[in-house]
Amino acid sequence: MDAIDALNETAFWLERELADSFKVQAFRRAAGIIAELSQEELAARLKDGRLKRTKGIGSRTYEVISQAVDGRVPDYLENLRRRGAEPLANGGHKLNAELRGDLHSHSNWSDGGSPIEVMADAARILGREYIALTDHSPNLTIANGLSPERLMEQLTVVDGINERYGQEPGFRLLTGIEVDILEGGELDQSEDLLGQLDVVVASVHSKLRSEKGPMTRRMLAAIENPHTNVLGHCTGRLVKGSRGTRPPSEFDPREVFASCAEHSVAVEINSRPERQDPPDELIQIALDAGCLFSIDSDAHAPGQLDFLQYGAERAEANGVPAERIITTWPLARLLEWLQAKK
């Protein structure tokens with residue numbers, strides 16, 4: 001098989017397993033190094049030992065490259081494929097099969113680890129019909145949030161990618177943003193720009209330990225904004241993982257979810273295993289309030305796009321009907337719903 005494909009696929013499966021980022025990046029870095037070489041030059045450097053001495057090529061990446069050049073599926077990749085054949089989640093398989101898209105993902109334009117094209121290609125390979133690119137907004141400087149100028153530039157890039165996919169119908173990259181809900185409830189991007197996007201996911205990222213009253217009012221203001229389509233990871237909690245744990249924010253869920261239902265804002269079921277947000281009891285309150293839901297990966301790397309399995313498992317366990325999950329909808333229906341708010 002192609003050595004670059006072997007390295008990138010290896011990185012994909014490692015991301016899916018939540019492997020350490022340094023290990024994943026080793027394979028993506030090696031793919032970038034050999035991408036600059038012709039097949040003849042790569043073979044020559046393998047034969048005379050120069051590739052093994054190349055900075056950025058370690059023992060494992062060298063093994064994958066050499067076995068791929070020999071025409072084999074590398075042993076390391078074959079083992080990862082076997083592990084990847086097993087579902088990530090124990091349940092939710094029927095609902096996961098009904099998911100058509102994903103409205104929350106990040107690229108290396110903000111705090112993701114891969115280019116937009118790589119994220120889009122991975123989503124298409126996973127069978128998604130659409131995916132929204134939702135990099136962070138300016139206020140989240142720690143995540144390299146997009147200024148208005150950078151966001152405008154990104155829209156041009158997305159247009160170019162969709163032109164390329166136009167030759168292969170069945171996939172659409174949607175423009176979007178994960179916009180920070182500021183302390184006063186304002187959305188952290190210009191109204192004009194928000195109006196140009198397909199999808200706006202509004203999330204709280206700061207002052208997460210605010211008192212219940214101010215946090216409720218902050219969230220309500222964002223939900224009432226006509227540009228908001230999805231309320232992202234509503235409690236901000238972390239239940240495990242390298243960043244440690246974090247308790248859920250306090251707000252009035254009945255008031256917040258009633259407003260989501262009233263203003264046609266979907267409640268995100270965030271599929272990241274360290275978030276599991278909202279908690280089960282809040283999903284039940286949102287169900288009773290008549291809310292729509294959006295099962296999203298919040299992927300920051302290609303392999304994490306498959307995290308939708310975790311969200312489907314939780315939604316199914318909580319009795320969320322598929323028809324109330326907007327990411328099960330065909331693209332035409334989804335776009336009609338999104339456009340109705342503009």
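Remember, predicted model here, so these are calculated numbers, not experimental data.
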Nearest-0.5 Å distance that lies between atom [atom1] in [X] and atom [atom2] in [Y]:
X    : Y    : atom1 : atom2 : value
L208 : R246 : CG    : CZ    : 5.0 Å
D306 : E17  : CG    : CD    : 11.5 Å
L146 : M152 : CG    : CE    : 12.0 Å
L37  : R45  : CG    : CZ    : 5.0 Å
L292 : L287 : CG    : CG    : 10.5 Å
D298 : E274 : CG    : CD    : 7.5 Å

Assess whether a salt bridge exists between [X] and [Y], defined as any Lys/Arg side-chain N lying under 4.0 Å from an Asp/Glu carboxylate O.
X    : Y    : answer
R128 : D102 : no
D280 : R314 : yes
E336 : R333 : no

Under 3.5 Å, is there a donor-acceptor pair linking the side chains of S190 and D192?
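Note: S190 and D192 side chains miss the donor-acceptor criterion.
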
Inset, instruction - Answer with yes or no whether the side chains of E191 and N225 bring together a donor and an acceptor at under 3.5 Å. - result: yes

Heavy atoms, side chains only, cut-off 4.5 Å: are [X] and [Y] in contact?
X    : Y    : answer
V157 : W109 : yes
L305 : M119 : yes
V179 : V201 : no
Q189 : L151 : yes
Q309 : R16  : yes
L42  : L51  : yes
R172 : L335 : yes
T228 : I181 : no

Where the side chain of [X] meets the backbone of [Y], is there a donor-acceptor pair that is under 3.5 Å apart?
X    : Y    : result
R275 : N270 : no
T328 : A322 : yes
D277 : G236 : yes
T216 : D252 : yes
E268 : H233 : yes
D188 : N139 : yes
S259 : E255 : no
D2   : I4   : yes
D135 : S107 : yes
D180 : L182 : no

Indicate if [X] and [Y] have the same hydrophobic cluster label, given that clusters are the connected sets of ILVMFWY residues with side-chain heavy-atom separations under 4.5 angstrom.
X    : Y    : result
L220 : F251 : yes
V199 : L194 : no
Y130 : L99  : no
F293 : L334 : no
I125 : W13  : no

Would you name the heavy atoms of [X] and [Y] that are closest together and state the gap between them?
X    : Y    : answer
N229 : W337 : O-CH2, 3.5 Å
R50  : E41  : NH1-OE2, 3.5 Å
P87  : H93  : CB-CE1, 3.7 Å
T235 : L282 : CG2-CD1, 3.5 Å
R324 : A286 : NH2-O, 3.8 Å
G113 : N108 : C-CB, 4.1 Å

[X] [atom1]: over 12 foreign heavy atoms closer than 6.0 Å:
X    : atom1 : answer
E36  : CD    : no
K341 : NZ    : yes
E183 : CD    : no
E211 : CD    : no

R28 meets the salt bridge (Lys or Arg N to Asp or Glu O under 4.0 Å) criterion, sequence neighbours left out, with E15

Checklist line | salt bridge (Lys or Arg N to Asp or Glu O under 4.0 Å) partners of E9, counting only residues at least two apart | finding: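 Scan of E9 (salt bridge (Lys or Arg N to Asp or Glu O under 4.0 Å), adjacent residues dropped) gives R81.
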
Q.
I'd like to know whether D111 forms a side-chain contact (heavy atoms from CB on, under 4.5 Å) with N144, so could you lay out the CA-CA distance, the side-chain angles of the two residues, the decisive distance to 0.1 Å, and finally the verdict.
A. CA-CA 6 Å; D111 62 343; N144 194 28; 5.9 Å; no

- prompt: Where do V256 and L231 land on the side-chain contact (heavy atoms from CB on, under 4.5 Å) test, with the steps shown first?
  reply: CA-CA 10 Å; V256 165; L231 178 64; 4.0 Å; yes

**Asked** Taking the inter-plane angle between the rings of H136 and H205 on a 0 to 90° scale, is it parallel (under 30°), tilted (30 to 60°) or perpendicular (over 60°)?
**Response**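 If you compare the ring of H136 with that of H205, the planes turn out perpendicular.
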
Quick note, salt bridge (charged side-chain N to carboxylate O under 4.0 Å, His left out) partners involving residues 139-152, not counting sequence neighbours, are none

Exercise. Has R124 got its NZ or CZ under 6.0 Å from the middle of the six-membered ring of Y165, at an angle within 45 degrees of the ring axis?
Worked result: no

(request) Could you walk me through whether L103 and T134 pass side-chain contact (heavy atoms from CB on, under 4.5 Å), step by step? (result) CA-CA 8 Å; L103 300 184; T134 54; 6.0 Å; no

Under the criterion side-chain contact (heavy atoms from CB on, under 4.5 Å), I'd like the reasoning laid out for I116 against L173: C-alpha separation, chi angles, the key distance, then a yes or no. CA-CA 10 Å; I116 299 170; L173 179 61; 3.7 Å; yes

